2 protein chains.
Amino acid sequence: MSRADGMNYAPKGKSRPVVAPGEFVFAATGLDHGHINGQCNGLVEAGAELRWVYDRDAEKVRQFQEKYPGVRVASSLEKILDDPEVRLVAAAAVPSERGPLGVRVMQAGKDYFTDKTPFTSLAQLEQARRTVAETGRKYMVYFSERLHVECAVAAGDLIAQGAVGKVIHVTGFGPHRLGDPAKRPDWFYRKKNYGGILTDIGSHQCEQFMYYAGCRDATVRYARVANHNHPVYPELEDFGEAALVGDNGASFYFRVDWFTPDGLRNWGDGRTFIIGTDGYIELRKYVDIGAEGKGEHLILVDAKGEHRMDLRGKVGFPFFGQLIRDCLDRSETAMTQEHAFKAAELCLQSQAMAEDAGGV
Amino acid sequence: MSRADGMNYAPKGKSRPVVAPGEFVFAATGLDHGHINGQCNGLVEAGAELRWVYDRDAEKVRQFQEKYPGVRVASSLEKILDDPEVRLVAAAAVPSERGPLGVRVMQAGKDYFTDKTPFTSLAQLEQARRTVAETGRKYMVYFSERLHVECAVAAGDLIAQGAVGKVIHVTGFGPHRLGDPAKRPDWFYRKKNYGGILTDIGSHQCEQFMYYAGCRDATVRYARVANHNHPVYPELEDFGEAALVGDNGASFYFRVDWFTPDGLRNWGDGRTFIIGTDGYIELRKYVDIGAEGKGEHLILVDAKGEHRMDLRGKVGFPFFGQLIRDCLDRSETAMTQEHAFKAAELCLQSQAMAEDAGGV
């Protein structure tokens with residue numbers, strides 16, 4: 001597991017199959033973002049069969065085959081879409097292609113599981129909403145900063161159990177390491193492709209707010225982006241922030257940036273702070289400086305005291321098994337379609353507000 | 001030292017006299033807020049002579065005398081103001097009285113050192129600005145969450161040394177414990193007296209942003225207050241947040257609240273996060289859950305690595321000695337007058353924006 005670069009962060013969890021072998025077949029395509037490995041790991045560990053891979057880039061396919069030796073190489077996307085046993089297509093395409101690809105997958109009768117950000121424009125979101133309504137298929141999103149982080153999963157459980165009372169505020173920090181700028185693909189620096197920093201890495205944040213605060217909708221009240229220190233890449237937003245208020249009165253602030261210092265052991269010191277009427281939670285997701293240094297730490301302070309939990313290897317990632325069951329049972333346990341779409345909408349609205357305010 | 005209740009948090013630092021005995025005489029009045037003890041401790045440790053105390057409340061005076069046995073009790077404020085050897089008057093009056101008291105002190109030819117928040121209205125601020133211009137006296141403010149916290153002092157030194165490059169963002173969390181609501185004085189719950197949560201405990205925050213980011217001015221872009229869980233006290237704002245952008249492009253978000261859970265060992269888990277182009281700093285000011293539990297921890301991550309510093313007892317509080325020298329030398333080393341006034345202005349503007357947006 002690479003902890004130095006968020007783009008290649010692909011956690012491996014406990015294997016907890018929810019289906020019999022061969023019962024849930026899926027395919028992978030759109031290998032542009034390394035998150036595809038995390039998506040596939042999660043599904044395979046939950047019992048899914050990874051049958052096909054397709055990508056225009058033969059080198060990416062070769063590397064993918066090394067990670068998943070049993071996978072067959074499809075000569076085209078159609079080959080995958082024509083296999084009636086394929087129930088779901090997982091993809092981490094260039095962000096601007098994720099929406100159109102999902103529409104095509106759903107129109108072929110398959111569920112779709114895309115890397116975040118799911119869209120780079122509100123028009124793509126609307127098209128996906130229509131296609132979901134027409135086809136009855138799922139457009140699910142790999143919001144890895146919650147779904148693939150054990151302490152983030154545990155936080156949801158604790159809140160549901162009433163551990164902090166009513167949630168009134170969430171703060172999210174999503175710093176990322178740029179790394180060697182030359183090793184990033186071209187699309188990473190093109191605004192029309194990556195959609196802006198609030199759309200891209202901000203999408204994790206909006207989803208977490210809605211989930212932890214129990215909102216169904218929210219209003220973007222403030223948003224701002226900047227290019228503070230990367231003039232060579234004029235379309236790169238290296239900093240973004242936004243403030244939202246949920247339909248239940250809870251509020252949210254998040255900051256995302258590309259300023260993780262070289263000296264940090266991992267790609268970013270991601271944090272989430274959840275303030276409730278009766279207690280608060282802090283997640284030190286990937287690193288906990290000064291403690292034993294590993295992440296997956298959840299701190300809960302409530303009326304009884306201060307509690308620190310090291311959750312590495314103790315929680316697992318229930319999302320993937322739930323997603324497989326949802327696809328088979330047509331249920332919405334892992335995540336409702338509306339939740340995924342609303343999270344996408346809020347990050348796109350934040351981005352639009354920041355650009356209206358001046359942008360980069 | 002009480003760590004359970006922020007109102008009575010009065011740190012004692014190293015004694016580092018900057019004057020000879022008797023060279024700098026000051027008086028205390030306005031004992032309404034426990035911060036007066038922190039103010040006096042800081043000055044006495046820097047060599048000042050606490051000569052007088054005056055307050056309408058005899059019981060408060062008695063308790064004050066117990067802490068400072070050598071102090072003389074003045075029968076009126078005039079008695080203090082008439083003593084030509086008194087150079088400075090320290091006070092922690094009810095917030096709404098701080099501005100008018102300061103004007104009176106300055107008009108009597110003394111410098112003034114008030115607890116934060118220095119004002120509860122922009123009109124008071126303007127009156128103080130005028131009086132400073134007319135009298136040449138100082139209106140200094142005890143922004144204790146930076147001036148009386150060793151790791152907060154050290155953060156300023158590190159930034160000045162270039163440890164994190166150019167500061168682009170600051171986040172401040174100022175949670176406070178309400179404690180037994182019945183033990184709070186009446187004025188604590190009256191908006192006209194305490195000024196609102198962004199004016200009151202938010203004043204620390206705006207000051208820290210300007211100091212760490214090196215701003216001379218800033219624009220309030222977003223502000224919000226709420227009473228989430230204290231309907232019995234309709235004028236209490238138990239939550240507040242605001243976002244600002246500095247005149248140098250650095251930005252700021254802060255949250256303040258009265259939701260510190262009973263189980264936390266101290267009155268609030270105050271934090272400051274400072275993001276620079278080359279590194280970042282986190283301050284765990286009063287408590288560091290899961291470490292050995294004490295506060296005064298500074299975490300610095302830069303190009304070279306992760307650094308954790310336990311600064312308790314290692315930095316001291318240079319502000320007080322600098323303030324004494326400033327009063328004697330008519331210099332502005334501790335804090336410029338404009339910095340203090342601008343910090344006050346920004347929290348008052350934040351409060352006004354939050355009220356315009358709906359308020360409580």
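Please read all numbers here as calculations on a predicted model, not as lab measurements.
Remark: Glu150(A) CD to Asp310(A) CG distance equals 9.5 Å, nearest 0.5 Å. Of the inter-residue distances, the one linking Leu158(B) atom CG with His307(B) atom NE2 reads 9.5 Å to the nearest 0.5 angstrom. Here Ile275(B) contributes atom CD1 and Ile281(B) contributes atom CD1; the two are 9.5 Å apart, rounded to the nearest 0.5 Å. Residue Ile274(A) holds its CD1 atom at 5.0 Å from CG of Leu283(A), rounded to the nearest 0.5 Å. Here the CD atom belonging to Glu241(B) is positioned 11.0 Å from the OG atom belonging to Ser350(B), to the nearest 0.5 angstrom. Here the SG-CG distance, from Cys215(B) to Asp247(B), works out to 5.5 Å after rounding to the nearest 0.5 Å.
Residue Ile168(B) touches chain A through both its backbone and its side chain, counting heavy-atom pairs closer than 4.5 Å. Heavy atoms of Asp302(B) lying under 4.5 Å from chain A belong exclusively to its backbone. Of the two parts of Tyr280(B), the backbone and the side chain both hold a non-hydrogen atom closer than 4.5 Å to a non-hydrogen atom of chain A. Residue contact with chain B, scored on non-hydrogen atoms closer than 4.5 Å, involves the backbone and the side chain of Leu264(A) alike.
Interface residues of residues 195-209 of chain B toward chain A, defined by a heavy-atom distance below 4.5 Å: none. By a heavy-atom distance cut of under 4.5 Å, Arg221(B), Tyr222(B), Arg224(B) are the residues of residues 218-227 of chain B near chain A, going up by number. Taking 4.5 Å as the heavy-atom cut-off, the residues of residues 249-261 of chain A that approach chain B are Gly249(A), Ser251(A), Tyr253(A), Arg255(A), Asp257(A), Phe259(A), Pro261(A), ordered by number.
Under the side-chain hydrogen bond (donor to acceptor under 3.5 Å, both in side chains) criterion, Glu345(B) pairs with Arg129(B), Lys342(B), Gln349(B), not counting sequence neighbours.
Contact annotation: the side chain of Arg146(A) never approaches that of Val153(A) to less than 4.5 Å [non-hydrogen atoms, C-beta and beyond]. Here the side chains of Thr272(B) and Thr171(B) are not in contact, with every heavy-atom distance at 4.5 Å or above.
For the set Lys304(A), Lys166(A), His228(A), the entry with the most heavy-atom pairs within less than 4.5 Å of chain B is His228(A).
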Test side-chain contact (heavy atoms from CB on, under 4.5 Å) applied to Thr117(B) and Cys347(B), step by step: CA-CA 9 Å; Thr117(B) 179; Cys347(B) 72; 4.1 Å; yes

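Between the side chain of Arg184(A) and the backbone N or O of Leu178(A), at least one donor-acceptor pair lies under 3.5 Å.
Of the candidates Thr277(B), Asp278(B), Leu300(B), Val164(B) forms a side chain to side chain contact (heavy atoms under 4.5 Å, CB included) with just one, namely Leu300(B).
Aromatic ring pairs are classed by plane angle as parallel below 30°, tilted from 30° to 60° and perpendicular above 60°; the pair Phe188(B) and Tyr194(B) is parallel.
Residues Glu282(A) and Arg271(A) share a closest heavy-atom pair of OE2-NH1, 2.9 Å.
A salt bridge links Glu237(A) to Lys191(A): at least one charged side-chain nitrogen sits closer than 4.0 Å to a carboxylate oxygen.
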